[in-house]
Amino acid sequence: MAAICAALMCGAVLVPAAEARIEGPYKLEFGFAKRAIMRATAEICKRADDCVTWSVKPCRRRSWHRIDCVSNTLFPENIVCRFVMIAKWPPWSDELLLQRKRVFCRQVALRPSG
């Protein structure tokens, strides 16, 4: 499990400003930020060994230029890793900054279906 957590702790990602839309003076659009976080989470899952699936929810606006989302990844043997992905649009930057923090991994028991 430690190897999985280490794989999820990679550095920040920059998204070019040409793709972004700003609402008013430096207000980061919620949908754009969530889509950028979803793409980054999908890429993390793709690069991590044995990642089965991923999801991004819930998301919350923290300020005009910051949106946080919880990214979830599922690995074999029911290991679930969650981390907070932060999308920031600093007023002095031409790029959206994505950062990860608080990576938690644990083994969970799945509920029987039906």
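Throughout, residue positions are numbered sequentially from 1 according to the sequence presented. Computed over heavy atoms, backbone and side chain alike; hydrogens, waters and symmetry mates excluded.
- When every heavy atom of Phe30 is checked against every heavy atom of Arg61, the shortest pair comes out as N-NH2, 3.7 Å.
- For the pair Arg39 (side chain) and Ala42 (backbone), a donor-acceptor distance under 3.5 Å is absent.
- Residues satisfying the side chain to side chain contact (heavy atoms under 4.5 Å, CB included) criterion with Asp50, sequence neighbours excluded, are Pro76.
- The stretch residues 68-78 participates, sequence neighbours left out, in these salt bridge (charged side-chain N to carboxylate O under 4.0 Å, His left out) pairs: Arg62-Asp68, Arg66-Asp68.
- The nearest pair of heavy atoms linking Ile44 to Met85 is CD1-CE, 3.8 Å.
- Under the side chain to side chain donor-acceptor pair (under 3.5 Å) criterion, Ser63 pairs with no residue at all, not counting sequence neighbours.
- Cys81 approaches Phe75 most closely through the heavy-atom pair SG-CE1, 4.0 Å.
- Of all heavy-atom pairs between Met38 and Trp54, the closest is O-CH2, 3.7 Å.
- Put simply, NZ on Lys57 and OG on Ser71 are 12.0 Å apart, with the number rounded to the nearest 0.5 Å.
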Take Arg100 and Phe83 through the side-chain contact (heavy atoms from CB on, under 4.5 Å) test and state the conclusion after the steps.
CA-CA 7 Å; Arg100 282 182 298 286; Phe83 51 94; 3.4 Å; yes
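- Looking only at side-chain heavy atoms (C-beta outward), Lys88 and Gln99 come within less than 4.5 Å of each other.
- As a member of the Ile/Leu/Val/Met/Phe/Trp/Tyr network built from side-chain separations under 4.5 Å, Val84 groups with Ile86.
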Please walk me through it: do Arg106 and Arg82 pass side-chain contact (heavy atoms from CB on, under 4.5 Å)?
CA-CA 9 Å; Arg106 64 186 177 109; Arg82 293 186 170 132; 3.8 Å; yes
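- A salt bridge does not link Lys34 to Glu29: none of the charged nitrogens lies less than 4.0 Å from a carboxylate oxygen.
- In terms of modelled atom types and a separation under 3.5 Å, the side chain of Thr73 and the main chain of Cys45 share no donor-acceptor contact.
- Looking at residues two or more places apart in sequence or on another chain, you find a side chain to side chain contact (heavy atoms under 4.5 Å, CB included) between Ala87 and Leu28, Ala33, Ile37, Leu96, Leu98.
- Residue Pro90 comes nearest to Glu95 through the heavy atom pair CD-O, 4.0 Å, listed as atom of the first residue, atom of the second, then distance.
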